[in-house]
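The next block holds one structure in the form of C-alpha cells; read it before the comments.
Excluded from the calculations below are hydrogen atoms, water molecules and symmetry mates; all remaining heavy atoms, backbone and side chain alike, are included. Numbering starts at 1 and runs along the sequence shown.
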Amino acid sequence: MAKAAITIKDVAREANVSVATVSRALNGHHNVAEPVRKLVREVAARLRYTPHAAARSLSSRSTQTIGVVLPDLYGEFFSELMRGIDGVARAHQRHLLVSSFHGDQQQQGKVLQAMRGRVDGLLVLSPYEEDGAGLEDNLPADIPTVLINTPLSDGAHPVFSIDDHAGAMAMTNHLLQAGHRRIAFIGGPERNHDARERLRGFRDAMAGFGGKAEAIELPGAFDEASGHQAGLALLKRGKLPDAVFAANDMMALGCLYALQHAGVRVPQQVALAGFDDIPLARFVHPSLTTMQVSIAELGEQAMSHLLHLIQGEDTPQSPGMTLLPSLIARQSTSAHGHPDPA
C-alpha cells in the first residue's frame, strides 16, 4: 500500500503550532516569529512536506509561474532566448509554462487563453506583422505582459526588440566597404517582421550606394535547409556573387555547406555573413561574420521587466527597449578588397 502524502496538518501537529501558522511561515509572511518560522521549516524539511501548488496559489493569489508564448521552439535563437529567460526565472524562484503556436494566429489565441489563471505574467514573441490585431484581441487585460520582437505598438504593452533594420544596413555597408559589388541576400519568412526589417535594411544600404552595386535577392525560411537551397541556387547561376548576406546565421551555415561542398572557397571566392551571432557561428570553419544580437540578454531584460510589473515596481508604463546589434567580423569575410578572381 502506498504511503499517505504528508499534509500541512502533519507539519502543524509535529511542530505543535496551528495550520495557519505553518501556512504563514512557509509562505514568507512577516507576522511569524523567526524561531517559529525556523522550526516549521525544519519540520517540513524533515517530513519532506511539499505545499500543494494549487492551494498555495489560491491563498496567495500567485502561481509563481510565468507564461512564455513563442512562435516555435526549434532553433538556436529560441534556445538562447529561453536561456536568458530561464536564468532570471530561476534566480527569482519562478516556474515557466512554455507553449508555441507554430505561426498559426488562431492557435496563438487558444494558447493565450489557456494561460489565464495559470500564470502571473506573460512573455509573448509574435513576429508576424498581420497578427497584430489578433494578438491585441487575445492578450489578457488582467495579466502583466511583455512583448518580445513583436510589431504591436498599442502603447499598452512594453516591447523588447532588436533594431533589425540598422543591423542589416551595417552589415551590407561592411560588405560594400570591403569592395564587394555583387551581393546576394537570403531573406527570411515573408510574414516575419524581423525578416522584413532586415530585407529593408539591405535594400536601403544598397540603394544608398548610388546604383554602383548589384543586389541579388533569394527566398529563405530562417533555417539551414533554406540557406542550403539558396546556396545551390547561386551555384546554378554560373557567375557567383562577391558576397552573400543571409538574414540569419542558420541560413548562412546552410549556404556555407552548399558552397564548400561545391569547392567554392569562403571567403576567397565568396564572402559570407549572417545575423544573430548564435553560439555555433564562431565554431564553424571559417568562423562566421555576423551581426551580434545578445539574444540571451534580450530574454533576460524582458523577463526582469515583467517581474517588476508583476511586483508593481514599474508604475509608469515603459515602452520597453530596442537592442542595437553590433558587427562581429570573422574569417568568412576576412579577404580585403575584391574577391579572388579564381
* Asked: Are any side-chain N or O atoms of Asp242 and backbone N or O atoms of Ile183, one a donor and one an acceptor, separated by less than 3.5 Å?
  -> no
* To do: Say whether Met303 and Leu73 are linked into one hydrophobic cluster, either directly or through other cluster members, by side-chain heavy-atom distances under 4.5 angstrom.
  => yes
* Establish whether Val266 and Tyr257 are linked, either directly or via other cluster members, by ILVMFWY side-chain heavy-atom contacts under 4.5 Å. => no
* Quick one: do Val19 and Val17 end up in the same hydrophobic cluster if we chain Ile, Leu, Val, Met, Phe, Trp and Tyr together by side-chain heavy atoms under 4.5 Å apart? -> yes
* **side chain to side chain contact (heavy atoms under 4.5 Å, CB included) evaluation trace for Ile148 with Ser161** => CA-CA 6 Å; Ile148 303 174; Ser161 59; over 6 Å; no
* Verdict with supporting geometry, Leu218 and Leu234, side chain to side chain contact (heavy atoms under 4.5 Å, CB included) -> CA-CA 9 Å; Leu218 299 99; Leu234 288 171; 3.8 Å; yes
* To do: Drop me the distance from Leu323's CG to Leu298's CG, to the nearest 0.5 angstrom.
  => 5.5 Å
* To do: Find the distance between CG (Leu122) and CG (Leu147) and round it off to the nearest 0.5 Å.
  => 9.5 Å
* **Residue pair Ile295 / Glu300, side-chain heavy-atom distance below 4.5 Å** => no
* Which of these passes side chain to side chain donor-acceptor pair (under 3.5 Å) with Asp164: Arg198, His193, Arg196? -> Arg198
* Asked: Hey, does the side chain of Arg94 reach the backbone of Ala89 with a donor-acceptor pair shorter than 3.5 angstrom?
  -> no
* Whether Asn173 side chain and Met169 backbone form a donor-acceptor pair below 3.5 Å -> yes
* Decide yes or no for Asp249 and Leu280: does some side-chain heavy atom of the first lie under 4.5 Å from some side-chain heavy atom of the second? => no
* To do: Decide side chain to side chain contact (heavy atoms under 4.5 Å, CB included) for Asp276 and Met291; before the verdict, give the C-alpha distance in whole Å, the side-chain angles of both, and the deciding distance to 0.1 Å.
  => CA-CA 6 Å; Asp276 285 340; Met291 292 305 299; over 6 Å; no
* Distance, nearest 0.5 Å, that separates OG of Ser294 from CG of Leu81 -> 12.0 Å
* Counting only N and O atoms by type, is there a donor-acceptor contact under 3.5 Å from the side chain of Ser18 to the main-chain atoms of Thr21? -> yes
* Taking every non-hydrogen atom, the tightest pair across Leu306 and Pro144 -> CD1-O, 3.4 Å
* Structure fact -> In terms of heavy-atom contacts, Gly220 and Met251 come closest through CA-SD, 3.7 Å
* Can you tell if the side chain of Leu327 reaches within under 4.5 Å of the side chain of Met171, non-hydrogen atoms only? -> yes
* Asked: Parallel, tilted or perpendicular: which fits the ring planes of Phe160 and His305, with parallel below 30° and perpendicular above 60°?
  -> tilted
* **Ring geometry between Phe185 and Phe245 (parallel below 30°, tilted from 30 to 60°, perpendicular above 60°)** => perpendicular
* To do: Check whether any side-chain heavy atom of Val11 sits under 4.5 Å from a side-chain heavy atom of Tyr49, and report yes or no.
  => yes
* Give the minimum heavy-atom separation between Leu176 and Ala213, together with the two atoms involved. => CD2-CB, 3.7 Å
* Any link between Leu324 and Val159 through a network of hydrophobic side chains (Ile, Leu, Val, Met, Phe, Trp, Tyr) touching at under 4.5 Å? -> no
* **Heavy atoms of other groups near Gln93 CD, more than 12 under 6.0 Å** => no
* Asked: Which heavy atom in Ser126 sits nearest to a heavy atom in Thr150, and how many Å separate them?
  -> N-OG1, 3.0 Å
* Structure fact -> To the nearest 0.5 Å, atom CD of Gln292 lies from atom OG of Ser326 at 4.5 Å
* **Shared hydrophobic cluster, Ile328 / Leu253 (ILVMFWY, side-chain heavy atoms < 4.5 Å)** => no
* Sub-3.5 Å donor-acceptor pair from the side chain of Ser334 to the main-chain atoms of Ser332, do we have one? -> no
* Indicate whether any N or O donor in one side chain lies under 3.5 Å from an N or O acceptor in the other, for Asp120 and Thr63. => yes
* **Partners passing salt bridge (charged side-chain N to carboxylate O under 4.0 Å, His left out) against Arg118 (at least two apart in sequence or in another chain)** => none
* Taking atom OG of Ser304 and atom CD of Glu297, what is their separation to the nearest 0.5 Å? -> 10.0 Å
* Ser99 side chain near Val68 side chain, heavy-atom distance below 4.5 Å -> no
* Asked: For Val264 and Leu235, what are the C-alpha separation, side-chain angles and deciding distance, and is it a side chain to side chain contact (heavy atoms under 4.5 Å, CB included)?
  -> CA-CA 9 Å; Val264 175; Leu235 290 166; 3.8 Å; yes
* 4.5 Å side-chain heavy-atom contact, Ser100 and Tyr74 -> no
* Asked: Does Glu217 reach the side chain of Leu199, with side-chain heavy atoms less than 4.5 Å apart?
  -> yes
* Asked: Does some side-chain heavy atom of Val98 sit less than 4.5 Å from a side-chain heavy atom of Val69?
  -> no
* **Backbone of Thr289 reached by a side-chain donor or acceptor of Thr333 within 3.5 Å** => no
* Asked: Of all heavy-atom pairs between Asp277 and Ala281, which one has the smallest distance, and what is that distance?
  -> OD1-CB, 3.9 Å
* Asked: Hey, does the side chain of Thr172 reach the backbone of Ala168 with a donor-acceptor pair shorter than 3.5 angstrom?
  -> yes
* Asked: Are any side-chain N or O atoms of Thr145 and backbone N or O atoms of Ile143, one a donor and one an acceptor, separated by less than 3.5 Å?
  -> yes
* How many angstroms lie between atom CD1 of Ile8 and atom CG of Leu47, to the nearest 0.5 angstrom? -> 12.0 Å
* Asked: What heavy-atom pair brings Asp194 and Pro127 nearest, and what distance separates the two atoms?
  -> OD2-CB, 4.4 Å
* To do: List in chain and number order the residues that pass salt bridge (charged side-chain N to carboxylate O under 4.0 Å, His left out) with Asp10, two or more places apart in sequence or in another chain; answer none if no residue qualifies.
  => Arg13
* Side-chain donor or acceptor of Gln331 paired with backbone N/O of Pro267 under 3.5 Å -> no
* Under the 3.5 angstrom rule, does the side chain of Ser226 hit a backbone N or O of Asp223 as a donor-acceptor pair? -> yes
